[in-house]
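Here's the structure, in structure tokens; my notes come after.
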Amino acid sequence: METKVIRIEDTDHIKDEELREAAQILRAGGLVAFPTETVYGLGANALDEEAAKKIYAAKGRPSDNPLIAHISCMKELEPLVTEIPEAGRRLAEAYWPGPLTMVFPKSEKVPYGTTGGLDTVAVRMPSDPVANRLIALAGVPVAAPSANTSGRPSPTMAEHVYQDMNGRIEMIIDGGPVGIGLESTIVDVSGEVPTLLRPGAVTMEMLEETVGHVEIDPALQGPLRADVRPKAPGMKYRHYAPKAVLTLVEGETEAVIAEMNRLVKEHLDAGERVGVICTEETRGRYPEGVLRCIGERSHEETIAHNLFAVLREFDDLQVDCIFSESFSKDHLGQAIMNRLTKAAGYHIIKV
Ligand code: TXA
Ligand code: MG
């Protein structure tokens with residue numbers, strides 16, 4: 001299959017003509033990758049089971065891992081769910097459109113092929129103008145996982161999507177680099193107490209400010225034990241995995257720098273190609289190894305934004321191992337550390 005790439009020149013002034021062919025492909029059961037404010041998504045008609053199957057095939061994704069249905073406005077939510085619990089209503093008012101996904105009891109309209117057999121459906125209303133307009137023009141809810149091959153870091157630029165999906169899907173819409181760089185926060189509002197299933201740019205503090213106490217899914221606390229089943233099925237897979245072995249080093253800055261340099265030397269001496277992930281604040285401190293700066297410690301948004309791109313870059317550089325500094329787990333740091341520790345397979349050295 002030939003994958004057509006179209007570029008949106010001015011995302012602040014999108015013309016409907018630019019998105020009409022993409023909307024038509026979606027309505028006809030095809031696949032279109034598009035930018036959102038979090039990561040690039042791989043879209044298909046969420047109400048069409050056959051279209052959902054194509055997503056799983058293109059990504060090489062296990063079919064028990066449910067998809068998020070994307071909508072463009074509040075009236076598109078009602079047909080997908082049997083009820084909108086109070087917490088869901090309040091969170092929608094506060095954070096939609098935006099980087100928040102909510103899990104609701106699903107209506108009969110939503111096929112099990114989209115929800116991976118679950119009786120709930122995850123729904124998100126993206127704020128990205130390309131995503132939002134595309135969904136509105138398609139006239140159907142758009143199921144969209146991150147547009148990466150299953151197991152690879154999520155795409156934050158159209159080039160990443162092209163690397164993984166060229167020849168497998170009908171179209172890629174290039175809207176430039178995304179804003180946030182980490183996938184949406186997922187909150188289950190279908191039960192008594194809202195529960196965080198995946199941390200993202202809508203932080204715990206922001207959620208609790210709006211709805212009071214929010215539980216955290218036990219599966220988020222650390223390496224998965226066999227008896228803990230994550231409520232978001234996707235969280236059980238080793239996501240965001242770089243090809244090299246990634247190790248996080250945690251502790252006081254000076255001790256971390258010393259330990260990282262020691263490890264780098266040890267692995268270089270063993271004949272390996274070694275990558276180092278540092279921050280603006282520490283970039284002058286690592287004399288050896290292939291160095292990549294992930295952003296500013298004092299500005300977490302830059303770290304979130306660059307994380308997946310840096311992991312992909314190390315894949316291209318074919319390093320054998322990567323050592324990375326680690327970050328505070330407060331605010332956006334919870335999402336950053338969730339992705340990083342998973343990418344590292346929970347391999348963390350404390351100094
Ligand atoms: O930011 C995002 O959410 C991006 C963009 C494209 O919108 N999408 C995304 O989708 O990250 P994906 O498929 O890569 O991750 C969806 C996660 C998976 O962990 C899945 O298990 C979980 O959402 N999920 C989907 N439906 C669910 C449901 N009904 N109950 C619990 N978890 C669900
Ligand atoms: Mg994903």
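Only a predicted model underlies this, so the values are computations on that prediction, with no experimental measurement involved. Just so you know, ligand 1 is whichever comes first in the structure, and atom 1 is the first atom listed for that ligand.
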Should [X] be counted as touching ligand 1, given the test is an N or O pair under 3.5 Å?
X: Thr36; answer: no
X: Tyr40; answer: no
X: Asn65; answer: yes
X: Pro233; answer: yes

For residues 189-196, please give each side-chain donor-acceptor pair under 3.5 Å, one per line with the distance, not counting sequence neighbours.
residue	atom	partner	partner atom	Å
Ser190	OG	Asp188	OD1	2.6
Thr195	OG1	Val193	O	3.1

Of all residues at least two apart in sequence or in a different chain, which pass the side-chain contact (heavy atoms from CB on, under 4.5 Å) check with Asn338?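 Residues passing side-chain contact (heavy atoms from CB on, under 4.5 Å) with Asn338: Pro199, Leu220, Met235, Lys342.
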Glu313/Arg292 ion pair, N-O < 4.0 Å: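 Arg292 and Glu313: salt-bridged.
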Presence of salt bridge, Arg283 and Glu280, under 4.0 angstrom: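 Result for this pair is yes, salt bridge flagged.
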From Arg198, Arg124, Arg339, residue fulfilling side chain to side chain donor-acceptor pair (under 3.5 Å) relative to Glu183: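 Going through the options one by one, the only one that passes is Arg339.
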Does Arg152 form a salt bridge (Lys or Arg N to Asp or Glu O under 4.0 Å) with Asp315? I'd like the steps, not just the answer. CA-CA 10 Å; Arg152 293 210 70 198; Asp315 279 355; 2.8 Å; yes
Give the C-alpha distance, both sets of side-chain angles, the deciding distance and a yes or no for salt bridge (Lys or Arg N to Asp or Glu O under 4.0 Å) between Arg90 and Glu86. CA-CA 6 Å; Arg90 280 206 231 145; Glu86 181 56 24; 3.3 Å; yes
Does ligand 1 have a heavy atom under 4.0 Å from the side chain of Arg61, from its backbone, from both, or from neither?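 Only the side chain of Arg61 comes within reach of ligand 1.
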Work out whether the distance between some heavy atom of Thr115 and some atom of ligand 1 is less than 4.0 Å.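 For ligand 1, residue contact (heavy atoms, under 4.0 Å) with Thr115 is absent.
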Hey, does Lys106 sit under 4.0 Å from ligand 1 if you only count heavy atoms?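 Judged by the 4.0 Å heavy-atom criterion, Lys106 does not count as contacting ligand 1.
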Where ligand 1 meets [X] - atom numbers and elements under 4.0 angstrom, heavy-atom basis:
X: Pro66; answer: 20 (C), 21 (O), 24 (N), 25 (C), 26 (N), 27 (C), 33 (C)
X: Gly41; answer: 6 (C)
X: Glu183; answer: 1 (O), 2 (C), 11 (O)
X: Ser146; answer: 8 (N), 9 (C), 10 (O), 12 (P), 14 (O)
X: Leu197; answer: 31 (C)
X: Ile186; answer: 17 (C), 22 (C), 23 (O)
X: Ala144; answer: 6 (C), 8 (N), 10 (O)
X: Thr120; answer: 28 (C), 29 (N), 30 (N)

Between the side chains of Ser127 and Glu37, is a donor N or O closer than 3.5 angstrom to an acceptor N or O?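 Judged by distance alone, the side chains do pair up.
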If only side-chain N and O atoms count, and only distance matters, is there a donor-acceptor pair under 3.5 Å linking Glu325 with Tyr286?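 Note: Tyr286 and Glu325 side chains meet the donor-acceptor criterion.
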Can an N, O or S atom be found in Ser146 less than 2.8 Å away from the Mg ion (ligand 2)?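 Yes, Ser146 qualifies, because one of its backbone or side-chain N, O or S atoms lies under 2.8 Å.
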Could you tell me whether the side chain of Glu49 and the main chain of Gly113 form a donor-acceptor pair under 3.5 Å?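 Judged by distance alone, yes, a pair lies under 3.5 Å.
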